[in-house]
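Every chain is numbered from 1 and lettered A, B, ... according to where its sequence line falls, protein lines coming before strand lines.
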Amino acid sequence: MSDADSNAATPATTTTATTTTTIAQPPAVTKTPVKETKRWADMEDEESKNTLSASSSEVNIDNLKIDEEKKINSFLDEAEDSNIKAVISGETPYTSAKTFEELELRAELIKGLYVEMRFQKPSKIQAISLPMILTPPHKDLIAQAHNGSGKTTCFVLGMLSRVDPQLKAPQAICICPTRELAIQNLEVLLKMGKYSGISSECAIPMDSTNYIPINKRPPVSAQIVIGTPGTIKKWMSAKKLGVSNVKILVFDEADHMLAEDGFKDDSLRIKKDIDRSSPHCQVLLFSATFNETVKNFVSKIVKDYNQLFVKKEDLSLASVKQYKVYCPDEMTKIKIIKERIFDLGENIGQRIIFVRTRNSASMLHKQLVDDGYAVTTIQGANTPEVRDKIIKEFKDGLTQVLITTDLLARGFDQQQVNLVINYDLPIKYDTQEPDYEVYLHRIGRAGRFGRKGAVFNLICGDRDEATMRKIELYFQSEVTVVNNSEEDFEKALKQSGLLE
DNA sequence: AAAAAAT
């Protein structure tokens, strides 16, 4: 199942909200009728009369709701507006796409969206970003949107649309931080592009049974390549992946791909090589998080670009309730996992337990298995075969509880996960400060596309308490204390909508 | 320290 799959589950209310663009049927909540969609360039002109003079302008989509009431037309009128702000470069006009038809996609792609993906209409980030991606002159894009809101569809559809089906050469490349994410994204692409006839290939380390030495590999002829930095770099330097026809380059989890302590060097190297032989390549940067430092940096590596972003205070998912449990010692943590997360949580779907190190992953795994609990564990030290197997079992629903390092913190899309446990809180290695971005990504593994979910943070000691407090402050989010008792856990699970 | 290439 993919990120984008969840579109099918869009609540019916949002469907009606977008179609009420006629004067005859104004939405009940709106005081004035909505008339027609407005082009972004018009918006920009009006904005710039008052406040802005530069070539780019900021459009607050929330303000547009107010404008709407002032009888100024709006291009976005969804019920669950999620506070995405747009900064548009230059004169190019964009109209938010209320339907996939408006995007003028090839018929085979429309069929893939409806028949395979079972989508009804674009999600908010899709509605805004797809016109930006697909409209010439194909500007670069920095796009931030909430976890589980359908970002994958944006760039997968972007790649499928922009590829020339007649040209049998690599034309689109997508770089991801982990093997698991590359595979997941390729699966979405295969599904969405089922009728398109467009070929694709995954550039990740092969498992030992399929291993072919690089010099014996044929050159890549696939039109879309999705992979991890090391393998892509390797294929390029071995001249097996030609990039002279590449016209779209995607960085998934872009903030991490371009962070100093992430994959910055690899990413820049790949981008530079593509720039050299394909200077007009469009670059798309997608993530749920862009902290100020990395935002400043990424805006330097793209040229003429549009931008979508979300304030950090608006980033926590309202549908995922956050809790904290004070634990006097480490043994209590394990006890909570056994008695509450396993025993009590038996009927509430799949659960992911995040730990900080590979070592604690193994320790916790052993503690649980020795006591007869059914759990699997994944971490980077596992072989590709083991990793693939553990993920497949979990995605097939054969396992219910998965222990993981931050390997799965980002992007992993499994709709049946509705409970996330932070066995350890995420902290930055160098400064010991909270890792806010990782925290947000972890809890985003629950509550995919608006589903209900909960996260339990296990707090042990003063440092954990301080870390938790800073995280609450940073996102302005409420984290409720839960006492370590069956009643209180049950209450919390009911409150978050996971128990009847 | 998590992640990512192999050999």
Side-chain angles (χ1 to χ4, degrees), chain A residues 173-185 201-217 220 225-241 251-271 273 287 289 294 352-365 377-388 390-391 402-412 420 422-445 463-464 467:
Chain A
I173 293 178
C174 171
I175 315 178
C176 318
T178 62
R179 164 190 193 83
E180 286 67 24
L181 210 42
I183 294 171
Q184 181 178 285
N185 288 338
E201 187 164 350
C202 212
I204 54 174
M206 293 130 299
D207 60 47
S208 54
T209 52
N210 299 323
Y211 180 73
I212 309 166
I214 184 69
N215 57 342
K216 292 196 178 149
R217 288 183 66 91
V220 176
V225 175
I226 301 181
T228 46
T231 303
I232 290 179
K233 223 173 60 176
K234 185 178 170 175
W235 287 10
M236 282 171 63
S237 61
K239 306 277 181 222
K240 298 293 182 182
L241 176 56
F251 290 97
D252 193 10
E253 307 297 342
D255 61 326
H256 189 237
M257 297 308 294
L258 291 157
E260 200 73 62
D261 64 344
F263 297 94
K264 184 179 170 184
D265 293 346
D266 286 345
S267 295
L268 288 184
R269 170 70 190 281
I270 292 167
K271 184 179 178 296
D273 285 355
S287 182
T289 53
V294 75
I352 295 184
I353 303 171
F354 283 101
V355 294
R356 197 171 56 84
T357 66
R358 294 171 175 185
N359 214 345
S360 43
S362 312
M363 302 278 282
L364 182 59
H365 180 92
T377 301
I378 186 169
Q379 42 134 315
N382 299 138
T383 61
E385 293 93 319
V386 170
R387 285 167 65 157
D388 293 348
I390 300 290
I391 292 294
L402 181 58
I403 300 171
T404 180
T405 59
D406 283 327
L407 168 66
L408 288 191
R410 286 169 174 266
F412 182 66
V420 165
N422 279 326
Y423 188 87
D424 303 306
L425 290 176
I427 52 171
K428 290 191 174 104
Y429 175 62
D430 48 356
T431 58
Q432 302 283 97
E433 284 297 297
D435 196 326
Y436 302 108
E437 286 72 36
V438 168
Y439 179 82
L440 195 90
H441 284 281
R442 282 183 179 186
I443 69 175
R445 293 322 97 213
R463 202 187 69 179
D464 278 359
T467 304

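Between A:Asp265 and A:Arg269, no side-chain nitrogen of the basic residue sits less than 4.0 Å from a carboxylate oxygen of the acidic one, so the salt-bridge criterion is not met. Residues A:Glu201 and A:Arg217 are paired through a salt bridge, judged by an N-O separation under 4.0 Å between the basic side chain and the carboxylate.
For B:dA4, the OP1/OP2 oxygens have no side-chain nitrogen or oxygen of A:Thr231 closer than 4.0 Å. A close approach under 4.0 Å does not occur between any side-chain nitrogen or oxygen of A:Lys233 and OP1 or OP2 of B:dA5. Within the 4.0 Å cut-off from OP1 or OP2 of B:dA3, at least one side-chain nitrogen or oxygen of A:Arg358 is found. Taking 4.0 angstrom as the limit, A:Thr178 places none of its side-chain polar atoms (N or O) nearer than this to OP1 or OP2 of B:dA4. Under 4.0 angstrom from either OP1 or OP2 of B:dA3 there lies no side-chain N or O belonging to A:Arg356.
Atom C1' of nucleotide B:dA2 and atom OH of A:Tyr423 are separated by 18 Å, given to the nearest angstrom. Atom CD in A:Glu260 sits about 15 Å away from atom C1' in B:dA3, given to the nearest Å. A:Asp406 has its CG atom 9 Å from the P atom of B:dA2, to the nearest Å. Taking atom CD1 of residue A:Ile378 and atom C1' of nucleotide B:dA3, one finds them 12 Å apart after rounding to whole Å. One interatomic measurement links the two molecules: CD of A:Gln379 to C1' of B:dA2, which rounds to 10 Å at whole-angstrom precision. Separating the CG atom of A:Leu181 from the C1' atom of B:dA4 is a distance of 13 Å, rounded to the nearest angstrom. Whole-Å rounding puts the A:Arg410 CZ to B:dA3 C1' distance at 11 Å. The distance from atom CG of A:Leu425 to atom P of B:dA2 is 16 Å, rounded to the nearest whole Å.
Counting only residues at least two apart or in different chains, side chain to side chain donor-acceptor pair (under 3.5 Å) contacts with residues 227-239 of chain A comprise A:Lys233-A:Asp266. Counting only residues at least two apart or in different chains, salt bridge (charged side-chain N to carboxylate O under 4.0 Å, His left out) contacts with residues 402-411 of chain A comprise A:Glu253-A:Arg410, A:Asp255-A:Arg410, A:Asp406-A:Arg442.
If you check residues 262-270 of chain A against DNA chain B, the residues with a heavy atom closer than 4.0 Å are A:Phe263, listed by number.
Nucleotides of DNA chain B nearest to A:Pro213 and A:Arg179 differ in position, and the one nearer the 5' end is that of A:Arg179.
Side-chain atoms of A:Arg387 never come within 3.5 Å of backbone atoms of A:Glu180 as a donor-acceptor pair (strictly under, hydrogens ignored).
A:Ile403 has its side chain out of reach of A:Tyr423: every pair of non-hydrogen atoms, C-beta onward, lies at least 4.5 Å apart.
For A:Pro205, taking side-chain heavy atoms from C-beta onward, the closest of the listed nucleotides B:dA4, B:dA2, B:dA5 is B:dA5.
Residues A:Ser287 and A:His256 have side chains that never bring a donor and an acceptor to within less than 3.5 angstrom of each other.
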